[in-house]
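Remember, predicted model here, so these are calculated numbers, not experimental data.
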Amino acid sequence: MKTDLHIHTKFSSDARIEPEELAEKALGNGYELIGITDHFDILAESVSTHKNIEFTDYVEYFHELKAKYSELKIAVGAEVGELHWFKKELADVFGDLNPDYLLASIHFLSNKKEVSTSFAGYLSRDEIKDYYMMNLNMVEQADFHILGHLGIFNRYKKHDESHVRDIKKEIFNVMIDRGIALEVNSSGYNKPINEILPVVRDLDMYMELGGRLLSIGSDAHTLEMFDKYYDRCMQVLGDMGAEYKLFIPEMKL
């Protein structure tokens, strides 16, 4: 099944994709399932950039889109940053409705330093450790379906992470135990790293520990980036000889 479960549309203020154009391109390029994961953040630093649409309006819009493009499966998801900090607040955002799935990711360190966009210099060893501890705390404490773009700060400058290998193992072991999918995110191909996230070395670690549940995500913010690196991403998995199962959301909305 050709899928992409990490796409941002015009409802994320840092994205420009018109959902109808996305649906047309997805059908034309052979997708069976796409997932919309616009930003629904609580952290003030994120909300200043990503102004959330009312979730009821969001769901209503995509109900109409799904009716128009019934031959394409469209899952209504959400990307949430630092989810373990805001579990109660997020429940208030969604109200009686829940997304078909939640993609959770870390964009900020515990001191609120943003690491999902380009930054000066390199992260220190302590900052790298903090980033992975944030991910570990999130997979332990929050309920969600997909861990997004692990190691995102490497998109801009590849770091030495040898000192956090054991933390990564803990992250993957918790994910395996809890049934959380690991995203294979192709956005790194559009950045200096020119590699998937997590990097192949870490994806291999996940597999060696017994991890099999994956999600494929472009993290597209423009229509051009949707499907641009799908084949390249799948080639990596093929070259690894990876045996895996794709996460398929339960369509509730």
Q: Can you see whether Ser105 engages Glu79 through a side-chain donor-acceptor pair at a distance of less than 3.5 angstrom?
A: yes

Q: Look only at the side chain of His145 and the backbone of Leu102, and say whether a donor-acceptor pair between them is shorter than 3.5 Å.
A: yes

Q: Who are the salt bridge (Lys or Arg N to Asp or Glu O under 4.0 Å) partners of Lys191, not counting sequence neighbours?
A: none

Q: Taking all atoms of both residues into account, what is the closest heavy-atom pair of Glu140 and Arg178, and its distance?
A: O-NH1, 3.6 Å

Q: How far does CG of Leu103 sit from CD1 of Ile7, to the nearest 0.5 angstrom?
A: 11.5 Å

Q: Please say whether more than 12 non-hydrogen atoms of neighbouring residues, nucleotides or ligands are located less than 6.0 Å from NZ in Lys157.
A: yes

Q: Check whether Ser12 reaches the backbone of His39 with its side chain - one donor and one acceptor, N or O, closer than 3.5 Å.
A: yes

Q: Go through the structure and list residues passing side-chain hydrogen bond (donor to acceptor under 3.5 Å, both in side chains) with Thr37, not counting sequence neighbours.
A: none

Q: Which atom pair, heavy atoms only, marks the closest approach of Ile152 to Tyr131?
A: N-OH, 3.5 Å

Q: Nearest heavy-atom pair of Leu223 and Ile17: which atoms, and what distance?
A: N-CG1, 3.4 Å

Q: Distance check, rounded to the nearest 0.5 Å: Ile196 atom CD1 versus Met234 atom CE?
A: 10.5 Å

Q: Got a second to check how far Asp38's CG is from Tyr58's OH, nearest 0.5 Å?
A: 4.0 Å

Q: If you count every heavy atom of other residues, nucleotides or ligands that lies below 6.0 Å from Arg232 atom CZ, does the total exceed 12?
A: yes

Q: So do Pro99 and Phe55 actually touch side chain to side chain, heavy atoms under 4.5 Å?
A: yes

Q: For the atom pair CG (Leu136) and CD1 (Ile167), what is the distance rounded to the nearest 0.5 Å?
A: 7.5 Å

Q: Should Lys2 and Leu33 count as side-chain neighbours, where that means a heavy-atom distance under 4.5 Å?
A: no

Q: Do Phe62 and Thr9 have side-chain heavy atoms sitting under 4.5 Å apart?
A: yes

Q: Give a yes or no on this: more than 12 heavy atoms of other residues, nucleotides or ligands lie within 6.0 Å of atom CZ of Arg212.
A: yes

Q: In the structure I gave you, are the side-chain heavy atoms of Thr56 and Tyr61 within less than 4.5 Å of one another anywhere?
A: no

Q: Taking all non-hydrogen atoms of both residues into account, name the closest pair between Leu65 and Pro19 and its distance.
A: CD2-CB, 3.8 Å

Q: Taking all heavy atoms of Phe247 and all of Leu5, pick out the closest pair and write down the distance.
A: O-CD1, 3.5 Å

Q: Enumerate the salt bridge (charged side-chain N to carboxylate O under 4.0 Å, His left out) contacts for residues 122-134, please, sequence neighbours excluded, ordered by first and then second residue.
A: Lys113-Glu127

Q: Are Ile106 and Tyr122 co-members of a hydrophobic cluster defined by side-chain heavy atoms under 4.5 Å apart?
A: no

Q: Flag the pair Val184 / Ser215 as yes when at least one side-chain heavy-atom distance between them is below 4.5 Å, and no otherwise.
A: no

Q: Restricting to non-hydrogen atoms, name the atom on Ser218 and the atom on Asn185 that form the minimum distance, rounded to 0.1 Å.
A: O-OD1, 4.4 Å

Q: Among all residues two or more places apart in sequence or in another chain, which pass the salt bridge (Lys or Arg N to Asp or Glu O under 4.0 Å) test with Glu60?
A: none

Q: Determine, step by step, whether Met240 and Gln235 satisfy the side-chain contact (heavy atoms from CB on, under 4.5 Å) criterion, reporting the C-alpha distance in whole Å, the side-chain angles of both residues, the deciding distance to 0.1 Å, and the verdict.
A: CA-CA 9 Å; Met240 292 177 65; Gln235 183 64 51; over 6 Å; no

Q: Is there a donor-acceptor pair closer than 3.5 Å between any side-chain N or O of Asp160 and the backbone N or O of Ser162?
A: yes

Q: Using only atom types and a distance under 3.5 Å, with no angle test, would you say the side chain of Tyr156 pairs donor to acceptor with the backbone of Ser116?
A: yes

Q: Is the backbone N or O of Tyr189 less than 3.5 Å from a side-chain atom of Glu195, with the two atoms forming a donor-acceptor pair by type?
A: no

Q: Are the side chains of Met1 and Tyr31 in touch, meaning some heavy atoms are under 4.5 Å apart?
A: no

Q: Apply side-chain contact (heavy atoms from CB on, under 4.5 Å) to residues Leu214 and Met207 and explain how you reach the verdict.
A: CA-CA 10 Å; Leu214 300 179; Met207 297 286 187; 3.6 Å; yes

Q: Could you go through Glu161 and Tyr132, starting from their C-alpha distance and side-chain angles, then the distance that decides it, and tell me whether this counts as side chain to side chain donor-acceptor pair (under 3.5 Å)?
A: CA-CA 10 Å; Glu161 299 181 357; Tyr132 284 105; 2.9 Å; yes

Q: Are His221 and His6, when compared by the centres of their aromatic rings, separated by less than 6.0 Å?
A: no

Q: With heavy-atom distances below 4.5 Å as the criterion, would you say the side chains of His107 and Val115 are in contact?
A: no

Q: For the backbone of Ile34 and the side chain of Asp4, can you confirm whether one donor and one acceptor N or O come within less than 3.5 Å of each other?
A: no

Q: Could you tell me whether a side-chain N or O of Glu183 sits under 3.5 Å from a main-chain N or O of His149, the two making a donor and an acceptor?
A: yes

Q: Say you draw a straight line from CG of Asn98 to CG of Leu90; how long is it, rounded to the nearest 0.5 Å?
A: 9.0 Å

Q: Between Lys87 (side chain only) and Gln141 (backbone N and O only), is there a donor and an acceptor less than 3.5 Å apart?
A: yes

Q: Mind checking whether Tyr101 and Phe144 have ring centres under 6.0 Å apart?
A: no

Q: Ignoring hydrogens and angles, tell me if any N or O in the side chain of Lys169 forms a donor-acceptor pair with the backbone of Val164 under 3.5 Å.
A: no

Q: In the structure I gave you, are the side-chain heavy atoms of Leu182 and Leu213 within less than 4.5 Å of one another anywhere?
A: no

Q: Which is it for Glu71 and Leu27 under the side-chain contact (heavy atoms from CB on, under 4.5 Å) test, yes or no, and what are the steps along the way?
A: CA-CA 8 Å; Glu71 63 271 47; Leu27 285 171; 3.5 Å; yes

Q: As an exercise, state the distance from CD1 of Ile180 to CD1 of Ile146, rounded to the nearest 0.5 Å.
A: 10.5 Å

Q: How about Phe119 and Phe153: are their ring centres within less than 6.0 Å of each other?
A: no

Q: Does Glu18 have any salt bridge (Lys or Arg N to Asp or Glu O under 4.0 Å) partners at least two apart in sequence or in another chain, and if so, which?
A: Lys10

Q: Taking side chain to side chain contact (heavy atoms under 4.5 Å, CB included) as the definition, give me every residue that meets it alongside Glu250, ordered by chain and number, with sequence neighbours left out.
A: Lys252

Q: Should Arg155 and Asp219 be marked as a salt bridge (charged side-chain N to carboxylate O under 4.0 Å, His left out) after you check the CA-CA gap, both sets of side-chain angles, and the distance that decides it?
A: CA-CA 13 Å; Arg155 289 198 301 195; Asp219 204 353; 3.8 Å; yes

Q: Evaluate the criterion salt bridge (charged side-chain N to carboxylate O under 4.0 Å, His left out) for residue pair Glu224 and Lys228; output intermediate values, then yes/no.
A: CA-CA 7 Å; Glu224 175 194 7; Lys228 185 172 184 179; 3.5 Å; yes

Q: Report the C-alpha separation of Asp202 and Lys168 in whole Å, then their side-chain angles, then the decisive distance to 0.1 Å, and conclude whether the side-chain contact (heavy atoms from CB on, under 4.5 Å) test is met.
A: CA-CA 8 Å; Asp202 291 344; Lys168 292 178 185 179; 2.8 Å; yes

